[in-house]
There are 2 protein chains.
Amino acid sequence: MVSDTKDNKTITIYDIAKEAGVSASTVSRVLTNSANVRKEKKERVQALIDKYNFKPNALAKGLSDTKSHLIGIVSADVRNPFYAALYVACENAARQRGYNVLLCNSLGEGTREIEQLHMLKQQRVDAIIQIGGRVDDDVTDKTFSKEVTDIVSTIPMVVSGKIEGVKCYSVVIDAKEASTLLTQHLLQLGHRKIALVGGRLDVFSTKIKYDTYKEILEKNNIEFREEYIVNGRYDSETGYSGVKKLLGLKEIPTAIIAINDFAAAGVVRGLTELGFKVPEDISVVSYDNTYIADLLTPKLTSIDYDYETFGKKLIDVAIKAAEGEEVSSLNPITPHLVVRESSAALR
Amino acid sequence: MVSDTKDNKTITIYDIAKEAGVSASTVSRVLTNSANVRKEKKERVQALIDKYNFKPNALAKGLSDTKSHLIGIVSADVRNPFYAALYVACENAARQRGYNVLLCNSLGEGTREIEQLHMLKQQRVDAIIQIGGRVDDDVTDKTFSKEVTDIVSTIPMVVSGKIEGVKCYSVVIDAKEASTLLTQHLLQLGHRKIALVGGRLDVFSTKIKYDTYKEILEKNNIEFREEYIVNGRYDSETGYSGVKKLLGLKEIPTAIIAINDFAAAGVVRGLTELGFKVPEDISVVSYDNTYIADLLTPKLTSIDYDYETFGKKLIDVAIKAAEGEEVSSLNPITPHLVVRESSAALR
DNA sequence: TGAAATCTCGAAACCGATTTCAAACTTTAT
DNA sequence: ATAAAGTTTGAAATCGGTTTCGAGATTTCA
């Protein structure tokens with residue numbers, strides 16, 4: 001019979017101790033396997049632990065050893081499948097190492113993020129992982145970095161990217177390689193008129209993608225055209241309005257690189273509406289390879305990151321930092337090209 | 001200058017007390033506003049709290065008042081936008097009421113869910129919300145309900161749906177109304193050959209949707225055709241293979257109700273591949289109105305639930321139960337029809 | 001003005017674990 | 001047999017808050 005209660009009240013280490021005829025210290029020792037306990041007693045205690053399916057109060061444990069065994073994750077928005085994938089990978093990795101995860105969604109708002117960081121501090125999380133920073137300008141960079149610096153002085157923080165003016169652990173995607181894969185893929189298919197849709201240049205990784213694209217064009221003696229760059233947000237609306245703008249040009253592009261699958265969805269929608277077929281008329285590729293890439297018609301050619309590895313690395317750094325271990329140098333996450341239906345050779 | 005540390009060590013209520021020249025009890029009283037404190041002292045203490053941006057240790061507080069101010073959420077998979085939307089709504093509602101949220105993804109596996117429930121118990125969460133139950137048969141119903149009953153005897157649990165053999169609070173969607181909205185919508189557009197794709201009849205809400213559909217057909221003297229029902233999972237693959245089956249029939253349907261937006265995406269893909277246009281040739285509608293509905297081309301007509309209200313209700317019940325308040329009778333969540341591009345009048 | 005009622009506030013106990021310390025008990029070596 | 005060394009164990013302190021209790025200060029009212 002599985003039961004963790006006796007007289008309908010949560011049992012403690014003292015209840016176990018009493019029933020086993022030993023002291024609480026001994027029960028604790030059995031629980032944590034931290035010191036020798038005579039075999040006979042050990043078995044007696046263990047039997048009771050099993051009998052009641054006893055699990056020590058995490059609050060008391062945390063208070064005692066000043067560790068919560070909780071890792072805080074501040075994500076921009078788990079409703080975004082990119083963050084969701086990364087979050088789940090982190091959760092899995094954390095759980096495997098005996099940690100739990102406290103998730104907060106900042107929705108890109110700086111004030112909200114600061115609030116949540118304070119909350120995580122109050123919860124005494126052992127480390128914080130930030131995936132996807134703020135995009136709102138509701139707080140100045142200076143205020144923000146000051147607040148975050150303050151938090152970081154107490155709790156180790158690892159970021160998937162960078163925070164301006166704050167030094168903390170950072171695990172990044174190799175954006176240069178990602179951009180190279182996509183651009184080269186299109187070049188190999190014969191495309192020369194390649195447009196970029198979505199993303200802000202003040203976002204670190206976006207800037208790298210943009211620079212790399214430009215660099216590769218130059219290397220291949222292809223003219224860079226300012227009008228093929230349509231910056232914006234990271235949503236489908238940006239893709240939609242962006243592609244409409246591109247199709248108004250004298251020389252319309254034959255391929256489009258969207259900043260993520262959302263933007264790509266908007267691009268596909270815009271093209272379809274105007275009677276263009278993907279990929280027959282125009283190829284569309286994107287970053288992130290979320291499940292959206294697989295859901296759209298045609299399925300999207302996209303850049304994948306192996307989210308499990310990504311999450312594991314974030315958690316690994318976070319736990320190492322939390323436990324005061326040395327954190328070895330951090331290699332960036334390697335992107336992979338997944339070719340599907342949305343890209344084809346130029347006709 | 002924002003700073004919560006002094007001598008690089010986390011400060012406590014005692015540090016504040018010492019510096020203010022009062023006892024820890026007084027600081028606590030100011031902190032919780034639980035008793036009178038002479039104005040002069042109160043201000044002195046408050047000034048220090050502000051100065052250091054002091055936040056009381058949640059572990060200590062939780063241990064002391066035997067409440068963690070944490071609500072555990074067991075979700076099937078936040079990567080599914082339906083659960084993600086509901087989760088974010090819950091998080092918002094919880095935060096607004098001073099609670100934090102501990103998220104677990106069961107991935108539909110019973111063993112994993114049981115494990116996570118135990119973990120949540122160990123964390124001493126004040127209540128548990130389950131959104132999206134298990135679909136794997138890795139644990140028998142009997143074992144599962146026994147384990148869950150055991151947990152529920154200690155921690156109040158609210159479920160968005162039902163758990164067989166376990167009595168706990170339950171907030172459900174009005175599936176009958178949802179099915180009615182969709183079926184009537186198609187009937188009004190002139191459709192008489194309506195197919196159902198995806199979903200398992202042993203899932204409570206799916207069964208209701210199925211029954212309601214049948215009922216409405218009967219009421220309208222429309223022949224019910226077994227071959228128009230293609231059960232399966234809740235993913236796009238099911239939609240894809242389902243629609244292929246339907247298109248092999250002598251009399252192909254003119255409208256398809258997908259069990260969710262994923263299945264609908266698969267249906268649209270299948271139709272497009274075979275040269276059918278949506279909605280010109282065949283209308284496609286679905287349940288859940290996740291952002292996928294807005295992303296596909298054409299945009300999907302779908303059933304929305306007002307996730308904010310849904311989440312708020314779940315949290316409201318959870319907190320009431322946690323605080324020992326009476327939980328009033330629970331009205332089901334009212335669904336709404338959102339008409340977009342994927343449904344059109346029969347030609 | 002003095003007794004009664006009300007406020008204010010600190011000491012101490014408590015929540016439930018871990019950990020240090022030293023006493024008591026075993027085992028080993030001479 | 002006895003000293004030395006090693007093991008096992010419980011009492012007590014600790015983590016950082018909240019809460020009860022009662023003493024002392026203040027206010028109210030006759």
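Keep in mind that the numbers below use all heavy atoms, side chains included, and drop hydrogens, waters and symmetry copies. Small disclaimer: the values here were computed from a predicted structure and weren't measured. The sequence lines fix the lettering, A, B, ..., with proteins before strands; numbering per chain opens at 1.
- The CD1 atom of B:Ile16 sits 9 Å away from the P atom of D:dG17 (whole-angstrom rounding).
- When each of A:Ser28 and B:Arg38 is assigned the nucleotide of DNA chain C with its nearest heavy atom, B:Arg38 is the one assigned upstream, toward the 5' end.
- Of the residues near DNA chain C, A:Ser34 and B:Tyr14, the one whose nearest nucleotide (by heavy atom distance) lies more toward the 5' end is B:Tyr14.
- Between C:dC15 and B:Thr66, no contact under 4.0 Å exists linking OP1 or OP2 to a side-chain N or O.
- Among the protein residues, B:Asp65 comes within range of no part of the nucleic acid, since none of its heavy atoms lies under 4.0 Å from any strand.
- Taking atom CZ of residue A:Arg124 and atom C1' of nucleotide D:dC15, one finds them 11 Å apart after rounding to whole Å.
- Taking the six-membered ring where tryptophan is involved, the planes of B:His69 and B:Tyr99 are tilted, since the angle between them lies from 30° to 60°.
- Note on A:Asn36: a side-chain N or O is less than 4.0 Å away from OP1 or OP2 of D:dT8.
- Taking atom NZ on B:Lys18 and atom P on C:dC9, their separation rounds to 21 Å, with Å as the unit.
- For C:dT18, the OP1/OP2 oxygens have no side-chain nitrogen or oxygen of A:Ser64 closer than 4.0 Å.
- Relative to the side chain of A:Lys41, the nucleotides D:dG16, C:dT19, D:dT9 differ in distance, and D:dT9 lies closest.
- A salt bridge links B:Arg79 with B:Asp77: at least one charged nitrogen is closer than 4.0 Å to a carboxylate oxygen.
- Straight-line distance from the CD1 atom of B:Ile11 to the P atom of D:dG17: 9 Å, rounded to whole Å.
- Judged by Watson-Crick or G-U wobble contacts below 3.5 Å, the nucleotide D:dA30 has C:dT1 as its partner.
- How far NZ of B:Lys121 is from CG of A:Asn53: 6.5 Å, rounded to the nearest 0.5 Å.
- A donor N or O paired with an acceptor N or O is found under 3.5 Å between the base of C:dG10 and the side-chain atoms of B:Arg29.
- Ion pairing between a basic and an acidic side chain is recognised when a charged N comes within 4.0 Å of a carboxylate O; A:Lys146 and A:Asp150 show no such pairing.
- Per the geometry, NZ belonging to B:Lys61 stands 20 Å off C1' belonging to C:dA17, to the nearest Å.
- Ranking D:dG17, C:dG16, C:dG10 by closeness to the B:Leu63 side chain, first place goes to C:dG16.
- Side chains of A:Leu31 and A:Phe54 form a contact here, defined as non-hydrogen atoms less than 4.5 Å apart.
- Computed from coordinates, the A:Leu31 CG to C:dT19 C1' distance equals 14 Å when rounded to whole Å.
- One atom, CD of A:Gln123, and another, C1' of D:dG16, lie 14 Å apart when rounded to the nearest Å.
- Ion pairing of B:Glu323 with B:Arg97 is absent here, as no side-chain N (NZ or NE/NH1/NH2) approaches a carboxylate O to less than 4.0 Å.
- With hydrogens and angles ignored, no donor-acceptor pair under 3.5 angstrom links the side chain of A:Thr12 to the base of C:dG16.
- As judged by a 4.0 angstrom heavy-atom cut-off over every strand, B:Thr32 is placed among residues touching the sugar-phosphate backbone only.
- Note on A:Thr26: only backbone sugar-phosphate atoms sit closer than 4.0 angstrom, heavy atoms only; bases stay farther off.
- Among the atoms of the strands shown, none is found under 4.0 Å from any heavy atom of A:Val27.
- Between the C1' atom of D:dT19 and the NZ atom of B:Lys67 lies a distance of 16 Å, rounded to the nearest Å.
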